[in-house]
There are 2 protein chains.
Amino acid sequence: MVAGPLPAPSGPGKDRLRLWIRLLRASRTIEAELRERLKKDFNTTLPRFDVMAALYRAPEGMLMSDLSRFLLVSNGNVTGIVDRLVSEGLVARARRNGDRRTSMVRLTEEGTQAFATIAAAHEGWIGELLGKVSEDDARRLTGMLTSFRSNWEGRE
Amino acid sequence: MVAGPLPAPSGPGKDRLRLWIRLLRASRTIEAELRERLKKDFNTTLPRFDVMAALYRAPEGMLMSDLSRFLLVSNGNVTGIVDRLVSEGLVARARRNGDRRTSMVRLTEEGTQAFATIAAAHEGWIGELLGKVSEDDARRLTGMLTSFRSNWEGRE
DNA sequence: ATATAAAACTTTAAGCTTGAAATATCTTGT
DNA sequence: ACAAGATATTTCAAGCTTAAAGTTTTATAT
């Protein structure tokens, strides 16, 4: 979508449509900025960062299917990203005794170190990019988005 | 990013980080649903829809650079999407007399018809997907996101 | 006039993304 | 034990995406 600065449509349902357009533009703007900074400052990408962030929170590791469910992307997608992270030595696949279909994916020592550095910068960027949003508004907005999310959890 | 249901981090700036994570998850969830429905019901994609939506609002046509600026994507990206829309007969490039580097891109008659149909369905989907957000909250959220956006307009 | 720079666009290489098909492994019913 | 089905993952083809390099055309400064 990403419609923008033009004739404000009116009518029933238009408020939600407008909300969606704003939501999408906001997230795309921020995402673009993060992508650029990740590239310039750390020579990495947003998808790689996403995967590492998920793994950082799970020291014991995650299954590929856990990753794809958590990140809201397809299985095949995760395979490629993890492959690249493995080839860069940031992530490792560990075979499991119980089930030979699966393997636990986790950050290597190097990956953990690297992520900690990037994550610190990332948090600073977000603080900067959302600087004009007051802490109060941030909490209120988060609350609204959370209640929205609960309508969606566990669909399908 | 897309972190999620885990130990709520605390500290200065964490509220904004949490807001960003929620924002991103919300837009990805909705985007994924729209993408799926556009594919199933109309055999098209979100990027194609975005381009057509932009052109629908500009009957006189748009330059490629206008499109890429408006949609927040790169030039080369738009080239590919428009190429495909042209080959499908939904969009046309019209040479301009004044400047031979550029061409006006616009919807064909067929493209206009097709878009009107898809847009109607799209608006219904948004109403459904954001149904739990009250009109009141929708307006308030939109307001917050708009003021956020104004900090970003015309950067770079 | 004419070189130089600027602008608009396209091409390219690498990586991301999806949905569908293929592979391998495990589980269940008999 | 064994077939049939379910699970977990990878592979594949097509399309999306970016940044960087290349092409063509227009504008500017001598």
Side-chain angles (χ1 to χ4, degrees), chain A residues 1-2 27-29 31-52 61-88 90-91 93-105 156, chain B residues 1-2 27-29 31-52 61-88 93-105 156:
Chain A
M1 274 295 313
V2 183
S27 63
R28 284 194 184 175
T29 302
E31 254 184 305
E33 187 67 23
L34 293 178
R35 209 181 304 117
E36 191 178 328
R37 295 186 184 196
L38 284 172
K39 180 69 176 179
K40 283 216 194 312
D41 293 1
F42 299 104
N43 194 35
T44 190
T45 67
L46 200 48
R48 280 165 163 91
F49 179 82
D50 287 346
V51 167
M52 294 179 78
M62 291 176 83
L63 300 180
M64 294 298 283
S65 43
D66 293 337
L67 271 173
S68 92
R69 197 168 19 254
F70 180 68
L71 297 174
L72 308 175
V73 299
S74 66
N75 293 358
N77 189 357
V78 177
T79 296
I81 297 169
V82 167
D83 282 352
R84 275 167 230 120
L85 287 172
V86 167
S87 79
E88 292 167 15
L90 301 171
V91 156
R93 283 185 170 97
R95 272 231 128 30
R96 290 204 308 167
N97 293 355
D99 188 335
R100 272 178 304 179
R101 291 170 302 181
T102 67
S103 55
M104 275 308 221
V105 180
E156 246 140 326
Chain B
M1 277 294 317
V2 182
S27 63
R28 285 194 183 174
T29 303
E31 255 186 304
E33 187 68 23
L34 293 178
R35 211 181 303 117
E36 192 178 327
R37 295 185 185 197
L38 283 172
K39 180 70 176 178
K40 283 215 193 316
D41 293 1
F42 299 103
N43 193 37
T44 189
T45 67
L46 199 48
R48 280 166 163 88
F49 180 82
D50 287 346
V51 167
M52 293 178 77
M62 289 176 85
L63 300 180
M64 295 296 283
S65 44
D66 294 336
L67 270 173
S68 92
R69 198 170 18 256
F70 180 68
L71 297 174
L72 308 175
V73 299
S74 66
N75 294 356
N77 188 356
V78 177
T79 296
I81 298 168
V82 167
D83 282 351
R84 276 166 229 119
L85 286 172
V86 168
S87 79
E88 292 167 16
R93 283 184 171 98
R95 271 228 131 28
R96 290 206 307 166
N97 293 355
D99 189 333
R100 272 178 304 181
R101 292 171 302 182
T102 66
S103 54
M104 276 306 223
V105 181
E156 245 138 325

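Worth knowing before you read on, the calculation uses all heavy atoms, side chains too, and leaves out hydrogens, waters and symmetry mates. Since we're looking at a predicted model, the values are computed, not measured. Every chain is numbered from 1, with letters handed out A, B, ... down the list of sequences.
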*asked:* If you compare all heavy atoms of A/Leu72 against all heavy atoms of B/Thr29, which two are closest, and at what distance to 0.1 Å?
replied: CD1-OG1, 3.7 Å

*Which nucleotide sits closest to the side chain of A/Thr102: D/dT11, C/dG15, D/dA8?*
D/dA8

*asked:* What verdict does the side-chain hydrogen bond (donor to acceptor under 3.5 Å, both in side chains) test give for B/Arg95 and B/Ser103, after you've listed the backbone C-alpha separation in whole Å, the side-chain angles of each residue and the deciding distance to 0.1 Å?
replied: CA-CA 5 Å; B/Arg95 271 228 131 28; B/Ser103 54; 5.3 Å; no

*Quick one: the side chain of B/Arg101 and the base of D/dT26, do they pair up donor-acceptor inside 3.5 Å?*
no

*asked:* What contact category does A/Arg96 fall into here, base, sugar-phosphate, or nothing, at under 4.0 angstrom with non-hydrogen atoms?
replied: nothing

*Do you know the tightest heavy-atom contact between A/Asn77 and A/Val73?*
ND2-CB, 3.6 Å

*Using heavy atoms to find the nearest nucleotide of DNA chain C for A/Gly98 and A/Val78 separately, return the residue whose nucleotide is more 5′.*
A/Val78

*For B/Met62 and C/dC9, give me the distance from atom CE to atom P, rounded to whole Å.*
11 Å

*State whether A/Arg93 places a side-chain N or O below 4.0 Å from either non-bridging phosphate oxygen (OP1 or OP2) of D/dT10.*
yes

*Shortest non-hydrogen contact from B/Arg93 to B/Thr79?*
NH2-O, 3.9 Å

*When you get a sec, tell me which of D/dT9, D/dT18, C/dT10 is the closest nucleotide to the side chain of B/Met64?*
C/dT10

*asked:* Does C/dC9 have its OP1 or OP2 closer than 4.0 Å to a side-chain nitrogen or oxygen of B/Ser65?
replied: yes

*asked:* As a test of reading the structure: which of D/dA19, D/dT17, C/dC26 is closest to the side chain of A/Glu36, going by heavy atoms?
replied: D/dA19

*asked:* Less than 4.0 angstrom between a side-chain N/O of B/Asn75 and OP1 or OP2 of C/dC9, yes or no?
replied: no

*Length of the line joining A/Leu67:CG and D/dT7:P, which is rounded to integer Å*: 20 Å

*Could you tell me the separation between the CE atom of A/Met104 and the C1' atom of D/dA8, rounded to a whole number of Å?*
13 Å

*Starting at atom CG of A/Leu63, determine the distance to atom P of C/dT25, rounded to an integer number of angstrom.*
16 Å

*Starting at the 5' end of DNA chain D, which residue's closest nucleotide do you reach first, B/Thr45 or A/Lys39?*
B/Thr45

*Rounded to whole angstrom units, what separation is found between the CZ atom of B/Arg48 and the C1' atom of D/dG15?*
7 Å

*Given atom CG of A/Asn43 and atom P of C/dA14, what is their separation to the nearest angstrom?*
14 Å

*Taking all non-hydrogen atoms of both residues into account, name the closest pair between B/Leu71 and B/Val51 and its distance.*
CD1-CG2, 3.7 Å

*What nucleic acid atoms does B/Asp99 come within less than 4.0 Å of, heavy atoms only: base, sugar-phosphate, or nothing?*
sugar-phosphate

_Proximal nucleotide (of D/dT9, C/dC9, C/dC26) relative to the A/Arg100 side chain_ = C/dC26

*How many Å lie between CD1 on A/Ile81 and P on D/dT10, as a whole number?*
12 Å

*Out of D/dT18, C/dT25, C/dT18, whichever nucleotide has its closest atom nearest the side chain of A/Ser74*: C/dT18

*Could you state the CG-C1' distance from B/Leu85 to D/dA14, rounded to the nearest angstrom?*
15 Å

*Salt bridge or not for A/Arg28 and B/Glu31, using N-O below 4.0 Å?*
yes

